[in-house]
Protein chains: 2
Amino acid sequence: MVEYRIGEIAKTCNVNKETIRYYDRMGLISKPTRTDSGYRLYSDETINRILFIKRIQDLGFTLTEIHKLLGVADKEEVRCADMYDFVVHKLDDVRKKIIDMQRIECMLTDLKNRCPDEKAIHECPIIEALMDNKEKEEHQ
Amino acid sequence: MVEYRIGEIAKTCNVNKETIRYYDRMGLISKPTRTDSGYRLYSDETINRILFIKRIQDLGFTLTEIHKLLGVADKEEVRCADMYDFVVHKLDDVRKKIIDMQRIECMLTDLKNRCPDEKAIHECPIIEALMDNKEKEEHQ
DNA sequence: CTTGACCCTGTACCTTGGTACAGGGTTTAT
DNA sequence: ATAAACCCTGTACCAAGGTACAGGGTCAAG
């Protein structure tokens with residue numbers, strides 16, 4: 001079995017060496033074997049795992065979630081059901097977030113549309129709209 | 001003009017006292033007057049400003065952006081044009097983020113759909129899909 | 001006159017996902 | 001044999017938006 005030093009792994013996976021040590025500390029990758037002088041030695045398995053981590057991180061999973069997930073994946077039994085639940089749960093999260101963002105989009109669009117064509121006038125309808133609890137209070 | 005102590009303001013605005021001191025330090029609210037013993041005293045204006053901050057924070061603005069925005073708003077001239085640009089820029093951001101999230105949603109949905117009805121089997125299609133660079137490598 | 005509820009400042013700490021040294025040791029190439 | 005390139009550990013630091021003390025002062029009620 002071929003073994004690689006941290007720098008090679010970093011280059012292959014396109015991550016920082018420090019990131020790999022960080023994943024090591026966090027227990028996201030299995031403990032490497034070491035040379036007599038203490039250098040870390042990793043196998044292809046770790047390359048796959050790092051790429052896996054990066055891929056699902058892009059899907060919006062946090063490292064904590066990934067950690068849990070990998071724990072599940074490493075167990076072999078029931079792992080499929082757990083994975084399924086995990087993905088379903090995350091999907092739910094993402095959908096909620098999208099709805100939230102769309103709400104924000106609406107509000108911003110609304111604010112934008114309040115602006116007349118002549119943009120350099122003194123009263124700002126945007127500020128007024130946001131400050132609508134101020135309405136008839138003091139102006140100083 | 002009525003003046004309130006920090007605790008009252010905190011209760012009214014439903015934020016922590018520490019948060020108000022933090023906003024004070026950050027220059028997000030105007031410097032309070034003080035009692036002889038150093039207690040902060042705020043007016044209604046500050047209540048409105050804190051509520052304003054909270055409202056646009058919910059719209060996805062960071063405190064740094066809000067700081068800039070309030071600076072613009074306090075200047076009175078050109079403020080409307082700047083506000084407009086700000087909102088347009090933020091709207092763009094939000095739209096990009098939504099598209100991103102929708103891409104993630106698609107991928108998660110795809111992963112979910114790979115699961116057969118019998119969920120407790122040993123091979124996990126989700127893990128397999130995510131690990132597709134592993135394919136014919138070692139199983140140990 | 002003392003207890004409890006306030007308030008003050010200053011500093012440290014939290015989370016997340018790393019990055020950046022400092023101060024060493026090792027290996028490889030010339 | 002020595003310099004460059006690599007590795008090690010341990011610690012501090014980054015953004016953001018606060019929170020949590022520690023160690024003190026102040027104010028109103030009983």
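In what follows, every chain begins at residue 1, and chains take the letters A, B, ... in the order their sequences are listed. What's counted below: heavy atoms across the whole structure, side chains too, no hydrogens, waters or symmetry copies.
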[X] [atom1] - [N] [atom2] separation (whole Å):
| X | N | atom1 | atom2 | value |
| --- | --- | --- | --- | --- |
| A/Arg34 | C/dG25 | CZ | P | 17 Å |
| B/Tyr39 | D/dT26 | OH | C1' | 4 Å |
| A/Glu8 | C/dT27 | CD | P | 14 Å |
| A/Gln57 | C/dG18 | CD | P | 5 Å |
| B/Tyr22 | C/dC14 | OH | C1' | 13 Å |
| B/Asp36 | D/dC27 | CG | C1' | 13 Å |
| B/Glu18 | C/dC13 | CD | C1' | 13 Å |
| A/Ile6 | C/dT19 | CD1 | P | 12 Å |

Closest approach of B/Arg95 to A/Thr109 (non-hydrogen atoms, all atoms of both residues):
NH2-OG1, 3.5 Å

Exercise: identify the closest heavy-atom pair between B/Ile6 and B/Arg21:
CD1-CG, 3.5 Å

Is the number of heavy atoms from other residues, nucleotides or ligands within 6.0 Å of CG (A/Asn14) greater than 12?
no

Within the supplied structure, the quantity of interest is the number of heavy atoms (other residues, nucleotides, ligands) at a distance under 6.0 Å from B/Met107 CE; does it exceed 12?
no

Any side-chain heavy-atom pair of A/Arg49 and A/Leu70 under 4.5 Å
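Counting from C-beta outward, A/Arg49 and A/Leu70 do come under 4.5 Å.
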
OP1 or OP2 of [N] less than 4.0 angstrom from a side-chain nitrogen or oxygen of [X], does that happen here?
| X | N | answer |
| --- | --- | --- |
| A/Arg5 | D/dC6 | no |
| B/Lys17 | D/dA20 | no |
| A/Arg40 | D/dT9 | yes |
| A/Thr19 | C/dT19 | yes |
| B/Ser37 | D/dC27 | yes |

Give A/Lys54 one of three labels, base, sugar-phosphate or nothing, depending on what nucleic acid heavy atoms sit under 4.0 Å from its own.
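The residue A/Lys54 makes sugar-phosphate contact but no base contact.
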
Which part of the nucleic acid does B/Thr62 contact within heavy-atom distance under 4.0 Å: base, sugar-phosphate only, or nothing?
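Sugar-phosphate only.
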
Of A/Ile20, A/Thr46, A/Asp24, which is the lone residue that meets side-chain contact (heavy atoms from CB on, under 4.5 Å) with A/Pro32?
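That would be A/Asp24.
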
Determine whether any donor atom in the side chain of A/Tyr23 lies under 3.5 Å from an acceptor atom in the base of C/dG17, or the reverse, and answer yes or no.
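Check fails, no donor-acceptor contact within cut-off.
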
For the helix from C/dC1-D/dG30 to C/dT30-D/dA1, what angle separates the axis at the start from the axis at the finish, each from five pairs, in steps of 10°?
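The angle separating the two end axes equals 30°.
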
Compute whether any side-chain donor of one residue and acceptor of the other, for A/Tyr4 and A/Asp44, lie under 3.5 angstrom apart.
yes

